[in-house]
Amino acid sequence: MTMSAGWYLRRLSRMGPQEVAGRVGDAVRRRRWRSARPDCPSVTGARFTAVLPAGTIAAVAPDAAKRLVAEADRLMDGHAEYFGVVRDDLADPDWWCDPRTGRRAPSGYAFDVPYRSEDAVGDIKQIWEPSRHQYLTQLAAAYAITGDERYAERVAEHLRSWWAANPPLCGVHWISGIELGIRLLSWVWIRRLLEGWPGASGLFEDNPVALNQIWHHQRWLAAFPSRGSSANNHVIAEAAGQLAAACAFDWFPSSERWRTGALRSLERHLRGNTYLSGLNRELATEYHGLVLELGLAAVAEADAAGVPVPATVRLVLLRMTDALAAVVDNRLRPPRQGDADDGHGLIVDGAGTDRWASLLATGDAVFGRLAWWPAVTGTDVRTPLLAALIRPYPNKGTAPAVTRPASRPAQFADAGMTILRGPQEIWCRCDGGPHGFLSIAAHAHADALSVEVRHDGVDVLADPGTYCYHGQPEWRQYFRSTLGHNTLQLDGGDQSVSGGPFLWTRHARSRVLVSDTSGEGVARWCAEHDGYEGSVHRRRVELAAESQELRVVDEVRGPRRAVRLAFHLGPAIAADLVDNRAQLTWTRDGEDRSAVLDLPGQLSWQAHRGETDPPLGWYSAGFGRKEPTTTLVGTGFSDGAEGFTTVLRFRG
């Protein structure tokens with residue numbers, strides 16, 4: 001997907017003067033760097049001292065270690081899966097090849113590569129992901145646990161291969177700061193986990209090629225930080241990687257300056273990216289997880305190096321952890337809100353390890369769990385590693401710097417999110433928050449007033465997910481559209497106006513009118529938004545505990561307009577639609593479950609499944625993966641004063 005002149009004008013319109021000036025400076029610097037590529041300053045006597053404390057590896061639970069080693073063995077055989085594409089070439093990867101399209105990215109000066117064009121480069125996410133080297137942190141962790149040098153030797157082989165194929169400023173791996181930041185974080189952990197291997201120092205601190213790469217990565221990050229309307233999760237990754245490297249690889253004349261700048265940036269942007277309630281301002285749950293992982297990893301490096309960390313950094317991470325504990329369902333699944341691209345900050349675990357349980361376990365180890373937190377029964381490798389480095393929070397569990405919630409929060413007013421909970425583990429997320437973060441709201445979806453409903457962790461009314469970013473514009477448009485969510489659409493348009501795959505030029509404004517979860521009988525929520533010019537969409541949601549009934553009432557205030565009301569069912573749900581009633585059935589842990597969905601009779605209802613022209617009736621469990629599911633769509637007009645009432649009744 002190449003960007004047109006119109007896109008550049010729309011993108012420019014979302015920038016302020018300071019950002020424009022900064023980007024002009026970046027452009028000048030890129031031009032100058034084309035012909036000025038200095039070598040790394042000479043380094044003598046470098047030593048790696050940021051090692052794990054004695055006994056850390058022994059604290060890894062046996063089942064977590066077993067999962068990791070199984071994953072490492074698959075990687076040793078060359079097998080991996082990235083975004084739905086199964087690969088068998090990881091034993092000897094081509095760092096510039098996209099296996100999905102078969103295309104190979106062009107070489108040359110990094111900033112000349114048209115990485116947004118799939119025709120020229122291939123699927124850039126498929127190319128970038130292995131080069132985050134997080135699979136190498138898994139292999140290094142397997143070495144640390146088993147002592148098997150095969151894992152260490154493979155790591156060394158691949159790092160040397162990557163460094164040779166990707167000299168500074170050459171090719172696609174030198175374009176995006178988030179990639180450089182996460183790669184630096186991986187290298188720090190690789191070096192730490194290989195500490196017992198005789199070749200570790202020869203691979204890193206005694207290797208001029210490695211030193212040159214580490215230095216150039218940090219020089220790049222210091223020169224080209226994400227700024228202004230792009231200062232979202234990317235800038236957190238850049239600062240975390242820079243801080244980690246400047247702490248653990250503090251061998252260069254600029255290390256102290258880089259460390260100071262990275263810590264300042266991390267503190268500023270963690271605060272800027274996070275509501276006081278603890279939810280991430282991008283309102284995209286997977287990025288909440290990514291930022292929390294990056295923040296914890298960055299603090300671990302600073303603590304290991306004895307670098308003082310501002311109290312606000314730990315406070316933000318504490319609030320983020322408490323917020324995560326508050327919003328997950330009974331199976332520890334958080335909301336599926338906004339964009340999700342399977343991005344992780346640090347991977348040292350094998351397949352089958354629950355990401356969210358791992359984060360809560362780390363939060364317990366670092367901050368202390370509160371009485372209302374959900375129980376975490378799984379194990380992971382990452383928690384004992386991070387906990388061994390991170391200094392425990394003052395007065396763990398009762399920190400005086402912040403008053404932590406005495407009971408489980410259900411309302412996050414600044415983020416516009418309310419969680420309604422009922423018997424039989426009914427969980428409902430109501431969305432009345434801002435459209436997204438910053439002027440471009442890059443990872444937002446047009447999902448104002450949408451609901452997401454689960455029963456014992458099973459998606460019943462589902463948020464369909466994300467599926468893709470680049471290269472498939474019709475699918476990108478669908479998964480972030482209003483029709484692609486459980487809300488109401490007027491006149492066939494979206495509530496917010498898209499200017500590109502990561503750009504919104506007009507944002508719907510929502511406001512929550514009622515959010516009452518205090519009563520034991522009926523929980524209530526009501527909100528409205530102004531995304532449809534000349535009309536207001538208002539939605540009321542009530543969850544009655546005794547009857548296990550969820551009632552949704554939609555009103556359109558304004559002139560008569562064409563209506564489409566969509567309800568996306570989860571992939572496990574079978575639906576039998578007759579007129580305006582759908583019988584829903586599914587199985588959970590071998591037990592048959594069911595519900596009845598009574599839909600507004602004023603609308604004409606039709607079930608859609610796996611349609612492609614245009615897309616409708618799809619669910620994406622993860623980036624690059626999609627499967628058919630049933631979407632119920634009612635069509636009609638907004639000329640009824642009584643509104644549109646939908647009732648979902650669960651059977652005991």
Side-chain angles (χ1 to χ4, degrees), residues 229 231-233 236 269-292 295 312 315-329 333-340 356 359-360 363 372-373 402-405 407-421 427-454 463 466 480 485-487 495-496 504 507-518 523-531 537 539 541:
S229 56
N232 52 14
N233 65 87
I236 304 294
H269 291 294
L270 268 179
R271 285 190 292 106
N273 274 253
T274 310
Y275 287 112
L276 288 177
S277 66
L279 290 180
N280 183 267
R281 285 182 180 268
E282 292 198 75
L283 297 175
T285 308
E286 281 210 5
Y287 288 106
H288 181 106
L290 173 64
V291 168
L292 181 52
T312 48
L315 179 57
V316 170
L317 298 177
L318 168 63
R319 286 177 172 152
M320 292 183 72
T321 306
D322 279 341
L324 176 62
V327 300
V328 294
D329 64 21
R333 293 182 63 217
R336 284 167 54 88
Q337 182 180 22
D339 272 348
W356 309 105
L359 275 171
L360 291 177
W372 54 262
W373 274 30
V402 60
T403 301
R404 299 176 69 183
S407 59
R408 190 174 203 172
Q411 304 168 40
F412 299 83
D414 47 9
M417 182 189 294
T418 298
I419 305 293
L420 308 181
R421 298 179 189 269
W427 176 98
C428 174
R429 172 181 64 88
C430 302
D431 177 11
H435 175 61
F437 183 47
L438 301 174
S439 62
I440 64 172
H443 292 298
H445 290 186
D447 57 356
L449 309 196
S450 63
V451 295
E452 184 184 1
V453 181
R454 299 177 192 157
D463 183 301
T466 298
R480 67 205 290 256
H485 295 83
N486 297 317
T487 188
Q495 311 149 335
S496 296
W504 296 91
H507 303 180
R509 294 176 298 179
S510 302
R511 63 174 184 148
V512 175
L513 305 174
V514 177
S515 182
D516 182 5
T517 60
S518 59
R524 294 179 173 87
W525 176 86
C526 179
E528 64 184 21
H529 76 83
D530 66 355
H537 172 208
R539 168 169 277 187
V541 179

### Met417 and Gln411, any side-chain heavy atoms less than 4.5 Å apart
no
### Task
Could you tell me the separation between the CG atom of Asp414 and the OG atom of Ser277, rounded to the nearest 0.5 Å?
3.5 Å
### Heavy-atom check, side chain of Met320 versus side chain of Leu318, under 4.5 Å
no
### Message
If you compare all heavy atoms of Leu449 against all heavy atoms of Gly432, which two are closest, and at what distance to 0.1 Å?
### Response
CD2-CA, 4.4 Å
### Closest contact, heavy atoms only, Ala444 versus Trp504
O-NE1, 3.2 Å
### Message
Nearest 0.5 angstrom please: Arg509 CZ to Ser496 OG, how far?
### Response
11.0 Å
### Query
In Å and rounded to the nearest 0.5 Å, what is the SG to CH2 distance from Cys428 to Trp525?
8.5 Å
### Query
Would you call Leu324 and Leu359 a side-chain contact if the rule is heavy atoms closer than 4.5 Å?
yes
### Task
Go through the steps to decide whether Thr285 and Arg336 satisfy the test side-chain contact (heavy atoms from CB on, under 4.5 Å), and finish with yes or no.
CA-CA 6 Å; Thr285 308; Arg336 284 167 54 88; over 6 Å; no
### Task
May I have the step-by-step check of side-chain contact (heavy atoms from CB on, under 4.5 Å) for Val451 and Val541, ending in yes or no?
CA-CA 9 Å; Val451 295; Val541 179; 4.0 Å; yes
### Task
Run the numbers on Thr487 and Gln495 for side-chain contact (heavy atoms from CB on, under 4.5 Å), then give the verdict.
CA-CA 10 Å; Thr487 188; Gln495 311 149 335; 3.7 Å; yes
#### Entry: Non-hydrogen atoms of Leu420 and Cys430 that approach each other most closely
CD1-SG, 4.0 Å
#### Entry: Heavy-atom donor-acceptor pair, Arg408 side chain to Ala326 backbone, under 3.5 Å
yes
### Task
Would you indicate whether the side-chain heavy atoms of Trp427 and Glu452 approach each other to under 4.5 Å?
yes
### Query
Any side-chain heavy-atom pair from Phe412 and Val327 closer than 4.5 angstrom?
yes
### Query
Looking only at heavy atoms, which two atoms of Arg271 and Thr312 are closest? And how far apart?
CD-CB, 4.2 Å
### Which atom of Val512 lies closest to which atom of Ser515, heavy atoms considered
CG1-CB, 4.0 Å
### Query
Going from NE2 on His529 to NE2 on His435, what distance comes out if it is rounded to the nearest 0.5 angstrom?
11.5 Å
### Query
With no hydrogens and no angle check, is any side-chain donor or acceptor of His443 less than 3.5 Å from a backbone partner on Asp339?
no
### Summary
Between Leu290 and the options Ile236, Asn280, Asn233, the side-chain contact (heavy atoms from CB on, under 4.5 Å) test singles out Asn233
### Query
Do side-chain atoms of Thr517 reach the backbone of Ala523 as a donor and acceptor pair under 3.5 angstrom?
no
### Query
Is Arg454 reaching over with its side chain to a backbone N or O of Arg333, donor-acceptor style, under 3.5 angstrom?
yes
### Task
Find out whether Phe437 and Ser229 are in side-chain contact, i.e. whether some heavy atom of one side chain is under 4.5 Å from a heavy atom of the other.
no
### Message
Using 0.5 Å steps for rounding, measure from the CG atom of Asn486 to the CG atom of Asp447.
### Response
10.0 Å
### Query
Would you call Leu513 and Glu528 a side-chain contact if the rule is heavy atoms closer than 4.5 Å?
yes
### Message
Do Asn273 and Asn232 make a side-chain contact, defined as non-hydrogen atoms from C-beta onward lying under 4.5 Å apart?
### Response
yes
### Task
Please report the closest heavy-atom contact between Thr321 and Leu292, naming both atoms and the distance.
OG1-CD1, 3.7 Å
### Query
Taking atom CG of Asp322 and atom CG of Leu317, what is their separation to the nearest 0.5 Å?
11.5 Å
